Amino acid sequence: MPCGNAYLNVMSATQAPEATPVKRPAVIKMPAVWRLLIIALLAEIGYGVLNISTMPVYLAGLPQPGGDAIFPNGRGMGTSVVGIVLVAFLLSEAIFKSPMGTLADRYGHKRLMLLGPAITAVTSLLSLVVPHGAGGWEVLAFVVLRVFDGIGAAMLWPAAFALMGNSVEDTERQQAMSLLNLCYMLGIAVAPLSGGIVNDLSGVRWAGLVLASVLFAVVSVAVWFLIPGREPHEKVKAAEQHAEAGFADFLNSMRQIPSYLVLAIVVFAGIGFPMAIIKIFAQDEFAMSESKFGMLVFPAALAMAIFSVPLSKFGERIGKARAVHWGIGLCAAGLIFISLGAFVPLLRMPWALALGGIPLGIGFLLAIPAWMASVSDIDPARRGANIGAVMTAQGIGAIIGAPIGSALYGQSIGGRIFESFPSLQPHLAHYSPFIGCAACVFTGWLLSLRLLQDPR
């Protein structure tokens, strides 16, 4: 009897127990997540060794008598030139991040993540064979190489962040971004120490370039084997492929998220101020060797890495906007304390730099995951493009700050500006990048209170 069968089917369906929801594994245990974390960690160590640990001291270091004519042990460039070379990297990265984010959405994240590190593996080694003593041509060669480094970074990071956003659910995205932030902090912790040890043990300033090249080659191999060809969330990825490419797409992001871009430029202008001279600062003010500088950075950055996930969870509880507010405010407080070393002799010590780094690190861990998660959540169909646009804005900010900080630090410009303060020279010039950084981050904190409203 059809009616009786239908009745029994309905009754059995209504009496069937509800299916037990499948418990998802912890975010860090998801294969797609931990594979990306390995790649991000190796890449961040590589960029830290190249741009923070090795390149500034290699370019600014004076050539030593009896050094190798083919591989000089220092280029003898001023800190202003070091800033220009770093700006070439930042400018290239900023220009190409938005279009590369769009290309990653359209053609697949793996392709760009594979090619980007491979480019930098080659340019790191080519830096060794730039002819020494060629004047402006020598500087131009380093600028061109750093431009290609920037293109490689622009290929890697927007694709990695977008792929991470696609690999987790919406409720897990902020934690996933915090894990990428954890890799960033671990990279910052390991890079100065590993680069410094390699340089000190080898007795040459360019050994870190070889180490960076090896690291980037390993990253490309890891992408080849660990990132699947078929990416998750195919429906989202299909929607992303409709995004427009190039500068027009960046303009669309400017219309969609103008407050994020303004805030990114202001805050990262501050970060750019001490970016090129941080290791030179430690050598000049504290007479530190490269290894000792790495030992100063390592425990602080390692502690930040350990607390990255707990602080990101705390940020989830208080909300994204409030986490950004508190995070940038703590960063500003730490930088203001460090900047006081320009005026207070007692604070011109490594312990003062480390103490000021505590609120700076906590604030960074609170702000960045919430920042990236909020950008990622704005429009899933433009996730890669919006992340690339924000990273472009961050790069523009760093481009503004880096050459200014390097020029203020150098005696050729900074010495003349601050010559009316003879009792504070050269400390005022040395601390001026941190003062500029504190001013920009404090301004960014005020802007964040205005631009990012707490929905509660």
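What you are looking at is a predicted structure, and each value in this text was computed from that prediction instead of being measured.
- In Trp137, the CH2 atom is not crowded: 12 or fewer heavy atoms of neighbouring residues, nucleotides or ligands sit closer than 6.0 Å.
- Ala264 and Gln394 make their closest contact through CB-CG, 3.7 Å (heavy atoms, listed as atom of the first residue, atom of the second, distance).
- Residues Ser53 and Gly196 come closest through the heavy atom pair OG-N, 3.6 Å.
- In terms of modelled atom types and a separation under 3.5 Å, the side chain of Ser92 and the main chain of Phe89 share no donor-acceptor contact.
- Here Phe293 and Phe286 keep their ring centres 6.0 angstrom or further from each other.
- The two atoms that bring Met295 and Leu193 nearest to each other are SD-CD1, 3.5 Å, heavy atoms only.
- A donor-acceptor pair under 3.5 Å is formed between the side chain of Ser339 and the backbone N or O of Phe434.
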Could you go through the side chain to side chain contact (heavy atoms under 4.5 Å, CB included) check for Ile280 and His430 one step at a time?
CA-CA 9 Å; Ile280 301 173; His430 289 171; over 6 Å; no

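- Looking only at distances, no side-chain donor or acceptor of Ser124 sits under 3.5 Å from a matching main-chain atom of Ala121.
- Between Ile52 and Tyr47, every side-chain heavy-atom pair lies at or beyond the 4.5 Å cut-off.
- The minimum heavy-atom distance between Ser406 and Gly83, with the atom names listed, is OG-CA, 3.4 Å.
- Here CG of Leu311 is found 13.0 Å from CD1 of Ile368. Values are rounded to the nearest 0.5 Å.
- Within the 4.5 Å cutoff, side-chain heavy atoms of Trp157 are placed close to those of Glu93.
- Side-chain atoms of Met55 and Phe142, non-hydrogen and from C-beta on, do get closer than 4.5 Å to each other.
- Considering CG of Leu41 and CD1 of Ile45, their distance stands at 4.0 Å, rounded to 0.5 Å.
- In this structure, OG1 in Thr120 is found 11.5 Å from CG in Leu215, a value given to the nearest 0.5 Å.
- Between atom CG of residue Leu330 and atom NE2 of residue His325 there is a gap of 13.0 Å, rounded to the nearest 0.5 Å.
- Proximity of Val33 to Leu179: side-chain heavy atoms (C-beta onward) are separated by under 4.5 Å at one or more points.
- Residues Pro350 and Met288 form a side-chain contact, since some pair of their non-hydrogen atoms from C-beta on lies under 4.5 Å apart.
- Closest of all the heavy-atom pairs between Gln283 and Val57 is NE2-CG1, 3.8 Å.
- In this model, a donor atom of one side chain and an acceptor atom of the other lie less than 3.5 Å apart for Tyr409 and Asp284.
- Side-chain contact between Arg146 and Asp149: present, with at least one pair of heavy atoms (C-beta onward) separated by less than 4.5 Å.
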Are Ile197 and Ser291 close enough, and set up right, to give a side chain to side chain contact (heavy atoms under 4.5 Å, CB included), and what steps lead you there?
CA-CA 5 Å; Ile197 289 176; Ser291 299; 4.0 Å; yes

Determine, step by step, whether Leu112 and Leu103 satisfy the side chain to side chain contact (heavy atoms under 4.5 Å, CB included) criterion, reporting the C-alpha distance in whole Å, the side-chain angles of both residues, the deciding distance to 0.1 Å, and the verdict.
CA-CA 8 Å; Leu112 274 73; Leu103 289 177; 4.2 Å; yes

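- Between atom CE of residue Met113 and atom CG of residue Leu163 there is a gap of 6.0 Å, rounded to the nearest 0.5 Å.
- A donor-acceptor distance shorter than 3.5 angstrom exists from the side chain of Lys110 to the backbone of Trp224, with no hydrogens or angles considered.
- Proximity of a side-chain donor or acceptor of Ser220 to a complementary backbone N or O of Leu114 within less than 3.5 Å is detected.
- No donor-acceptor pair under 3.5 Å is formed between the side chain of Ser213 and the backbone N or O of Val210.
- If you take CG on Leu91 and CG on Leu86, they are separated by 11.0 Å, rounding to the nearest 0.5 Å.
- In this structure, Trp445 and Val441 have side chains that are not in contact, with every pair of non-hydrogen atoms separated by 4.5 Å or more.
- In this structure, the side chains of Met30 and Ser167 stay at 4.5 Å or more apart for every pair of heavy atoms.
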Does the side chain to side chain contact (heavy atoms under 4.5 Å, CB included) test come out yes or no for Val130 and Leu145, once each step is laid out?
CA-CA 10 Å; Val130 173; Leu145 289 174; 3.9 Å; yes

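- Shown here for Ile338 and Gly357, the closest heavy-atom pair between the two residues is CD1-N, 4.2 Å.
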